[in-house]
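As the structure is a prediction and not an experimental result, all values here were calculated from the model. Every heavy atom of this structure was used, including side-chain atoms; hydrogens, water molecules and symmetry mates were not. Naming: A, B, ... by sequence-line order, numbering from 1 per chain.
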Protein chains: 2
Amino acid sequence: MTSKGAEVGTVRPGGRTARVRAAVLRATEDALVEQGFDGLDLGAVAQRAGVGKTTVYRRWGSATALVADLLVDMAEQSLPRADTGSLTEDLLANARLVRRTLADPRQGTLFRAVIAAASCDERTAEALRRFYQVRVREWAVCVEQAIQRGELPEDTDPDEVVRAVSAPLYYRLLASQQPLDEASADRAAHAAVAAAKAGVYARTR
Amino acid sequence: MTSKGAEVGTVRPGGRTARVRAAVLRATEDALVEQGFDGLDLGAVAQRAGVGKTTVYRRWGSATALVADLLVDMAEQSLPRADTGSLTEDLLANARLVRRTLADPRQGTLFRAVIAAASCDERTAEALRRFYQVRVREWAVCVEQAIQRGELPEDTDPDEVVRAVSAPLYYRLLASQQPLDEASADRAAHAAVAAAKAGVYARTR
DNA sequence: CAGTTAATGGGTCTACAGTTCCGTTAAGTG
DNA sequence: CACTTAACGGAACTGTAGACCCATTAACTG
């Protein structure tokens, strides 16, 4: 079985185990950024983390399992949402935040690698799903408030609006690979608002 | 160096070489669908293709190069666009086509694997870029016609509208991993139309 | 503050992905 | 329809990722 990842639940979660996990996850992140997912070598990760190779193979066992645990770790550091009182401003803030993350050489490469890993393994895919679920829920509150303010139709699906903001940016990162400039972020936000106001993201159709 | 891929340009492109390439690319496709990208073994591909292992290592050399050549091959089979006379109908047709492709167990898995490979290698990424460039240009004509009919602002960027249709579907495939049902395809198309009509995809801002 | 054992780590072994060598096949040429 | 050589394929070789063994370390327990 793959490691639970989080310290909770293991028999002996204290000091050393936690330190080893942290060191290995940091090393994994660095290796992913530098080598990419297919070049990920567990032995190299172990050495970089200053940890025995055996430990990495025993606790994680595969590159995808390592990335899955990294995603659990990443999901825990939640990003604070904006609260400007205007839907457009809130979603612009979200779009620009996502854009900045994906456009950053380190983070962008990391996200590509993580998504590549998720495409190769079901457990990792599940971890990625949870990661985005947390992120989306955090920002969906902005949309819920906009509905209460009467800016959007009652039956609008808040999560779907938030995802609509991210989608074009991820498409640029992964598929079309066009530059992730600020204008593209603003277009993503404005498009989501326009579509939401037109009732495209209504729950019942 | 990586193989040019296309037969044109090689010194001896005739019969056998072309047959070998076709067999290897088919085998690669099958292997990607069954094993995923990280499980891709060039030896196994060779065996499945009924071709010498040496040949695969010589002509392609790596899993990513193999996928890059597969993408060149896939780009050649262009999909015919719709022409219903209505922008909404055309984009609905496009969205449903993309959805059907990505929702298909075989094709969906293949696309995930291909995108994973592109995330791991610059040459493969370039091949993927070209692939989508061809696809997008094909359907952009629908948007150009809509502009001429006066359905959309003059300065609308046609390519950007087409990408806006695909983006939410790819986001579902790769990131959020929600079901790719027909309703999601229709939302994607309607959202793109709503945003385009609102002038979000104007070239000059 | 011992005693217990989960967890780690160094060292060794092994299967197999990827390389090399060289003989064979067949595509292009005149 | 021979002749040249690009391209292929079988077999033997090798480096290394990953498995295994067992001694050591340090968390939890009472």
**Report entry** Donor-acceptor side-chain pairing of R129(A) and Q178(B) below 3.5 angstrom
**Finding:** no
Report summary line: The side-chain contact (heavy atoms from CB on, under 4.5 Å) partner of D90(B) among V141(B), V143(B), T84(B) is T84(B)
Query raised in the report: Take atom CD in Q47(B); do more than 12 heavy atoms of anything else shown fall under 6.0 Å from it?
Result: no
Please list, for nucleotides 23-25 of chain C, all pairs of protein and nucleotide N/O atoms separated by less than 3.5 Å.
residue, atom, partner, partner atom, Å
dT25(C), O2, R16(B), NH2, 3.1

Query raised in the report: Should the pair R106(A)-E29(A) be classified as a salt bridge under the 4.0 Å nitrogen-to-oxygen rule?
Result: yes
Query raised in the report: Taking 4.0 angstrom as the limit, do R99(A) and D181(A) come out as a salt bridge?
Result: no
Query raised in the report: CH2 of W60(B) versus P of dA17(C): gap in Å, rounded?
Result: 19 Å
Query raised in the report: R21(A) has an atom CZ; how far is it from atom P of dA27(D), in whole Å?
Result: 17 Å
Query raised in the report: Is there a donor and acceptor pair closer than 3.5 Å between the side chain of R58(A) and the base of dG9(C)?
Result: yes
Testing the basics here: between [X] and [Y], what is the closest heavy-atom pair and its distance to 0.1 Å?
| X | Y | answer |
| --- | --- | --- |
| A189(A) | A95(A) | CB-CB, 4.0 Å |
| L174(B) | L128(A) | O-CD2, 3.4 Å |
| G43(A) | Y57(A) | N-OH, 4.1 Å |
| F37(A) | C120(A) | CE2-SG, 3.9 Å |
| A164(B) | A192(B) | CB-CB, 4.2 Å |
| A75(B) | V134(B) | O-CG1, 4.0 Å |

**Report entry** Pairs flagged by side chain to side chain donor-acceptor pair (under 3.5 Å) wherever residues 134-143 of chain B is involved - sequence neighbours left out
**Finding:** R137(B)-E144(B), R137(B)-D159(B)
Query raised in the report: For DNA chain C, what residues of residues 44-52 of chain A have any heavy atom nearer than 4.0 Å?
Result: V51(A), G52(A)
Query raised in the report: side chain to side chain donor-acceptor pair (under 3.5 Å) with R130(A): which residues, sequence neighbours excluded?
Result: E126(A)
Report summary line: Taking five pairs at each terminus, the helix from dC1(C)-dG30(D) to dA27(C)-dT4(D) shows an axis bend, to 10°, of 50°
Check whether any side-chain nitrogen or oxygen of [X] sits under 4.0 Å from OP1 or OP2 of [N], and answer yes or no.
| X | N | result |
| --- | --- | --- |
| R59(B) | dA7(D) | no |
| R19(A) | dA27(D) | yes |
| T17(B) | dA7(D) | no |

Protein-nucleotides 16-20 of chain D N/O pairs under 3.5 Å:
residue, atom, partner, partner atom, Å
dG18(D), OP2, Y57(A), OH, 3.1
dG18(D), O5', Y57(A), OH, 3.4
dG18(D), N7, K53(A), NZ, 2.9
dG18(D), O6, K53(A), NZ, 3.2
dA19(D), N6, K53(A), NZ, 3.4
dC20(D), N4, T54(A), OG1, 3.4

